Amino acid sequence: MQISDFDFDLPRENIALEPARPRDSARLLRVAAGQPLSEARISDLPSLLEPGDLLVANDTAVIRAQLAARRGEAKIGITLDRILSDGSWHALAKNARKLRPGDTLHFGSDPVTAEVVENEGDGAISMRFSAEGEAFDDFLKRAGVLALPPYIDRPTGPTAQDDSDYATIFERHKGAVAAPTAGLHFTPEVLAALDARGVERHTLTLHVGAGTFLPVRDEIASHKMHAEWGRIDAQTAQLINDTRASGRRIVAVGTTSLRLLESAADEQGIVHPWEGETSIFIKPGYRFRAVDRLMTNFHLPRSTLFMLVCALAGTETMRDAYRHAIAEGFRFYSYGDACLLDRAP
């Protein structure tokens, strides 16, 4: 496989700069190998699922992960990535080459500072803040801003509306840099209709990291995924296994849910309780063990997420689906429309 196999041209007018309003009015493209493409709305999702299906969504909540720091007179842009087991933070930094272990970073006049623990190279650092717990949360509210994807054009920075728009109805546990964007489409009305349809719902947690914005720069075979922390509790794992054992389907809401489910599944497809980091890279040739269907947004060309959907539904099927979506004016990326994919045989 070459990176060019996963490339396509996307007109700028297809990139969504804000979500559909109401959220469940967004378009939904139904994609299954060997079947004609069909169009619907998110509000139609319950009718596209079967009673007894299990919908699994990501309940992570986005933090204000982008910080403006100074080391002396040098400006250092920081995007938090994930918290590490010792309480320090992994982060991506602009002007990282200027940083050395022991350097102190200041954030304007805020009393909270950070010490550089390690400069890993390629813009990655680890750092330890002088505040923890609620004090650290308050610091992020004061000093941080949302790390919106670069394709959402905000010349003066994220808006108050983005604070609301970039949050899902499922959010419960703080720690993500980026939103699990398939979850942005759900409304109380859709959840009520799913319940009435007899579709079961459960959540897991995967804190989406800053690495989700990074393109594949080298050969696919040598690409290294950034690790992300996730958790599946015993109750959720048992519910997933019971669903599959009874012949019903697992429907992942978003690639983040899918990646964690596949990380926690063994060779027989049994999902085990999980807590830790995953850097799973799913690309064509991967044998899926835990997921039958995926609801997801439309992804960037040459990205690991487009490779993932090609692995699930088939590369030619997804190339055809994306050509259709572009021609028909579907809206792409985080605030865009969605597709519902069946796993290819």
Side-chain angles (χ1 to χ4, degrees), residues 16 19-60 164-165 167-172 179-206 232 235-236 238-258 260-261 271 288 290-299 309 312-313 317-318 321 324-325 328 330-332 334-344:
R21 305 191 195 282
R23 295 189 186 204
D24 58 13
S25 68
R27 299 167 74 183
L28 182 66
L29 185 64
R30 181 76 179 82
V31 183
Q35 298 182 25
L37 298 169
S38 61
E39 297 185 14
R41 298 281 174 179
I42 297 297
S43 55
D44 300 316
L45 177 66
S47 67
L48 300 176
L49 303 179
E50 297 297 331
D53 284 352
L54 176 60
L55 200 74
V56 183
N58 189 354
D59 63 12
T60 188
S164 173
D165 288 343
T168 79
I169 197 170
F170 304 108
E171 67 172 31
R172 189 184 309 165
T181 54
L184 297 178
H185 297 292
F186 286 80
T187 62
E189 292 78 12
V190 170
L191 296 186
L194 288 166
D195 293 343
R197 177 72 169 162
V199 175
E200 297 187 55
R201 294 185 282 112
H202 229 280
T203 60
L204 46 70
T205 306
L206 184 74
I232 299 176
Q235 181 186 7
T236 301
Q238 186 62 54
L239 183 59
I240 291 166
N241 295 329
D242 291 346
T243 300
R244 291 187 62 83
S246 64
R248 294 172 289 144
R249 295 177 301 185
I250 305 299
V251 184
V253 177
T255 56
T256 59
S257 298
L258 182 148
L260 188 56
L261 287 169
V271 173
F288 287 85
V291 172
D292 303 298
R293 304 179 91 180
L294 170 67
M295 178 185 162
T296 185
N297 286 24
F298 291 93
H299 303 294
V309 297
L312 183 78
T317 296
M318 291 311 303
H324 174 91
E328 295 299 317
F330 275 71
R331 302 161 72 248
F332 274 59
S334 294
Y335 280 156
D337 298 315
C339 49
L340 180 64
L341 312 178
D342 278 10
R343 187 178 67 186

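Bear in mind that the values here come from a model prediction, so they are computed numbers and not experimental data.
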Backbone of [Y] reached by a side-chain donor or acceptor of [X] within 3.5 Å:
X	Y	answer
Asn241	Val271	yes
Asp337	Arg27	yes
Asn58	Ser257	no
Arg293	Leu340	no
Arg201	Asp195	no

Close side-chain approach of [X] and [Y], heavy atoms under 4.5 Å:
X	Y	value
Leu258	Thr296	no
Leu294	Phe288	no
Pro180	Thr60	yes
Leu191	Phe186	yes

Nearest atoms (heavy-atom pairs only) where [X] meets [Y]:
X	Y	answer
Cys339	Val31	CB-CG2, 4.4 Å
Asn297	Ser334	ND2-O, 3.2 Å
Leu239	Thr243	O-OG1, 2.8 Å
Phe298	Arg331	CD1-O, 4.0 Å
Leu48	Ala40	CD1-CB, 4.4 Å
Ala313	Ala344	O-CB, 3.7 Å

Chi angles and distances behind the side-chain contact (heavy atoms from CB on, under 4.5 Å) call for Ile169, Val190: CA-CA 11 Å; Ile169 197 170; Val190 170; over 6 Å; no

Working for side-chain contact (heavy atoms from CB on, under 4.5 Å), residues Leu29 and Glu328: CA-CA 11 Å; Leu29 185 64; Glu328 295 299 317; over 6 Å; no

Full working for side chain to side chain donor-acceptor pair (under 3.5 Å) between Ser246 and Arg248: CA-CA 6 Å; Ser246 64; Arg248 294 172 289 144; 2.7 Å; yes

[atom1]-[atom2] distance between [X] and [Y], expressed to the nearest 0.5 angstrom:
X	Y	atom1	atom2	result
Ile232	Thr203	CD1	OG1	10.5 Å
Arg343	Leu341	CZ	CG	12.5 Å
Arg23	Thr187	CZ	OG1	9.5 Å
Ile250	Asp53	CD1	CG	8.5 Å
Leu312	Asp292	CG	CG	9.0 Å
Leu49	Asp44	CG	CG	11.0 Å

Intermediate values then yes/no, side-chain contact (heavy atoms from CB on, under 4.5 Å), Arg197 and Leu45: CA-CA 10 Å; Arg197 177 72 169 162; Leu45 177 66; over 6 Å; no

Plane angle bin for Phe330 and His324 - parallel if under 30°, tilted between 30 and 60°, otherwise perpendicular: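 Taking Phe330 first and then His324, their aromatic rings sit tilted (interplane angle of 30° to 60°).
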
Test: Arg21 and Asp165 ion pair at under 4.0 Å: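 Result for this pair is yes, salt bridge flagged.
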
side-chain contact (heavy atoms from CB on, under 4.5 Å) evaluation trace for Asp24 with His185: CA-CA 6 Å; Asp24 58 13; His185 297 292; over 6 Å; no

